[in-house]
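As the structure lists them, so they are numbered: ligands from 1, and atoms in each ligand from 1. Atom set for the values below is all heavy atoms of this structure, side chains included, hydrogens, waters and symmetry mates excluded.
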Amino acid sequence: MKRVKVEASLTYDVLIEKGLLKNAGKLIKETASGETAIIVSDTNVFPIYGDFLSKELKNEGYNVLTFVFPAGEESKNTDTLVELWEFLAKNHVTRSDSLIALGGGVVGDLTGFAAATFLRGIKYIGIPTTLLSMVDSSVGGKTAVDLKGGKNLAGAFYQPSLVIIDPDTLKTLPENIFSDGMAEVIKYGMINLPDFLYDLSRDMDICDIIETCVKDKRDIVNLDEKDLGLRQLLNFGHTPAHGIEKLSEFTVSHGSAVAIGMMIMTKASIKTGLCSGTVLPVLENLLKKFSLPTELVFSAEEIAKTALNDKKRMGANITLVIPEDIGKCVLKNVPIESLYEFLSEAWKK
Ligand code: NAD
Ligand code: GLY
């Protein structure tokens, strides 16, 4: 079993092993001493893994409760959050009990925020079941729900007590959702792991891929848990990606938008002399290998305008994540007015 220790405001383990769900009850018992375990999951994931996990927890003596909500980003909102709070209150959940997030990033973000706020904070344990949630959202304690005014606008930094990753659960994940996760995996390589980019271009074991990403995120979160500087590197490609997702009315998935966003940032950085030209074919080939799009969509003007609408509250400047070389990104603070001009470089021949 691979074990990655995160040492942020809370110290916890991220455990990675194929088949680990079998031991989830025992592992959770070592971390959560309360009487009740509340499984929070969605309508796609619970029918596949819910009963199995429930049985494992009961074998360890837990009283098990389940809260299952409709799958999808549309559920990551205050209505579901209030329903979950009321469910916990009605069932007399106490501070010594724990929430178990069984699912992808939507389940993890919502459960984490409920845990951060119910009774002013109870424990939660992540069992991520998408590649994106295994390599990114389950680690680092960003929890949130969406508001009508935008994604992730209400949330908290609140670390889990344990994360259990069983890559076998990826076997039931639709291929396109797996590819979405690969966009985030490639992002780690682009930010600061040149050798990993090379390894990804060959065949790599999924446990090694997940461990590499989790370790990298751990290192970043340990230094900048509250996202004040370094952690913003994890947003490589995300500023244009948010614009693309919104412009497409969310028909372009997050992973696809991040893939295109990374292409835009790389092309624009090369054109403006900030990045070595050798980076582009490495990125492009990897995205293609994992069935991710590489062609630019919409226009620089539309993307900049939409992305900035989202970022108005950030003030006069925006932090761009600029690739400089293979496996090396840096942060660059620029006035928001220069975003359009910068992005438009990506479209120039
Ligand atoms: P998701 O949770 O919606 O899962 C995608 C789909 O896959 C859903 O339909 C889900 O039901 C299904 N699914 C999940 N696991 C499955 C499995 N093993 N087998 C079959 N189906 C399965 O989406 P996601 O891509 O995992 O996460 C996206 C969310 O994560 C967004 O809300 C985003 O804002 C958030 N996020 C958070 C962070 C963070 O640091 N907290 C980082 C990145 C993304
Ligand atoms: N996914 C970006 C972060 O955790 O900061």
| said: To check your reading of the model: name the closest protein heavy atom to atom 15 (N) of ligand 1, its residue, and the distance in Å. | reply: Thr129 OG1, 2.7 Å

| request: Test Ser269 against every option in Val330, Ile322, Val279 by the side-chain contact (heavy atoms from CB on, under 4.5 Å) rule and name the one that passes. | output: Ile322

| Contact partition for Leu132 relative to ligand 1, non-hydrogen atoms under 4.0 Å | side chain

| message | Around atom NZ of Lys328, are there more than 12 heavy atoms from other residues, nucleotides or ligands closer than 6.0 Å? | response | no

| task | Can you sort out the partners of Asn333 under side-chain contact (heavy atoms from CB on, under 4.5 Å), two or more places apart, ordered by chain and number? | result | Asn317, Thr319

| salt bridge (Lys or Arg N to Asp or Glu O under 4.0 Å): pairs with one or both residues in residues 8-26, sequence neighbours excluded | Arg3-Asp13, Lys18-Asp205

| query | ligand 1 versus Glu74, non-hydrogen atoms closer than 4.0 Å: side chain, backbone, both, neither? | reply | neither

| request: Verify the neighbour count for atom CD of Glu324: are there more than 12 heavy atoms of other residues, nucleotides or ligands below 6.0 Å? | output: yes

| field | atom 38 (C) of ligand 1: the protein heavy-atom neighbour that sits closest, reported with distance to 0.1 Å | value | Ser137 CB, 3.1 Å

| message | Please list, in number order, the atoms of ligand 1 under 4.0 Å from a heavy atom of Asp42. | response | 10 (C), 11 (O)

| field | Of the listed options Ala144, Gly105, Gly112, closest to atom 30 (O) of ligand 1 (non-hydrogen atoms) | value | Gly105

| request: Give a yes/no on ligand 1: does Asp180 have at least one heavy atom closer than 4.0 angstrom to it? | output: no

| Under 4.0 angstrom from ligand 1, any heavy atom of His238? | no

| note | Quick note on ligand 1: atoms under 4.0 Å from a heavy atom of Lys151 include exactly 31 (C), 32 (O), 33 (C), 34 (O)

| Considering all heavy atoms, the nearest His254-His242 contact | CE1-NE2, 4.5 Å

| Is any side-chain N of the basic residue among Glu284 and Lys288 closer than 4.0 Å to the acidic one's carboxylate O? | yes

| Which atoms of ligand 1 have any heavy atom of Lys217 under 4.0 Å away? | 40 (O)

| field | Lys305/Glu302 ion pair, N-O < 4.0 Å | value | no

Pairwise, report which nitrogen or oxygen atoms of ligand 2 are under 3.5 angstrom from protein nitrogen or oxygen atoms, and how far apart they are.
residue	atom	partner	partner atom	Å
ligand 2	1 (N)	Asp136	OD1	2.9
ligand 2	1 (N)	Asp136	OD2	3.3
ligand 2	4 (O)	Lys217	NZ	2.6
ligand 2	4 (O)	Arg231	NE	3.4
ligand 2	4 (O)	Arg231	NH2	2.9
ligand 2	5 (O)	Lys142	NZ	2.9
ligand 2	5 (O)	Arg231	NE	2.8

| task | Applying salt bridge (charged side-chain N to carboxylate O under 4.0 Å, His left out), name anything that partners Arg120, two or more places apart in sequence or on another chain. | result | none

| request: Of the side chain and backbone of Glu73, name the one, both, or neither that has a heavy atom under 4.0 Å from an atom of ligand 1. | output: side chain

| query | In terms of hydrophobic clusters joined by side-chain contacts under 4.5 Å, are Leu162 and Ile38 together? | reply | no

| task | Report the nearest protein non-hydrogen atom to atom 19 (N) of ligand 1: residue, atom name, distance rounded to 0.1 Å. | result | Thr172 OG1, 2.8 Å

| field | Transitive ILVMFWY side-chain link Val258 to Tyr188, under 4.5 Å | value | yes

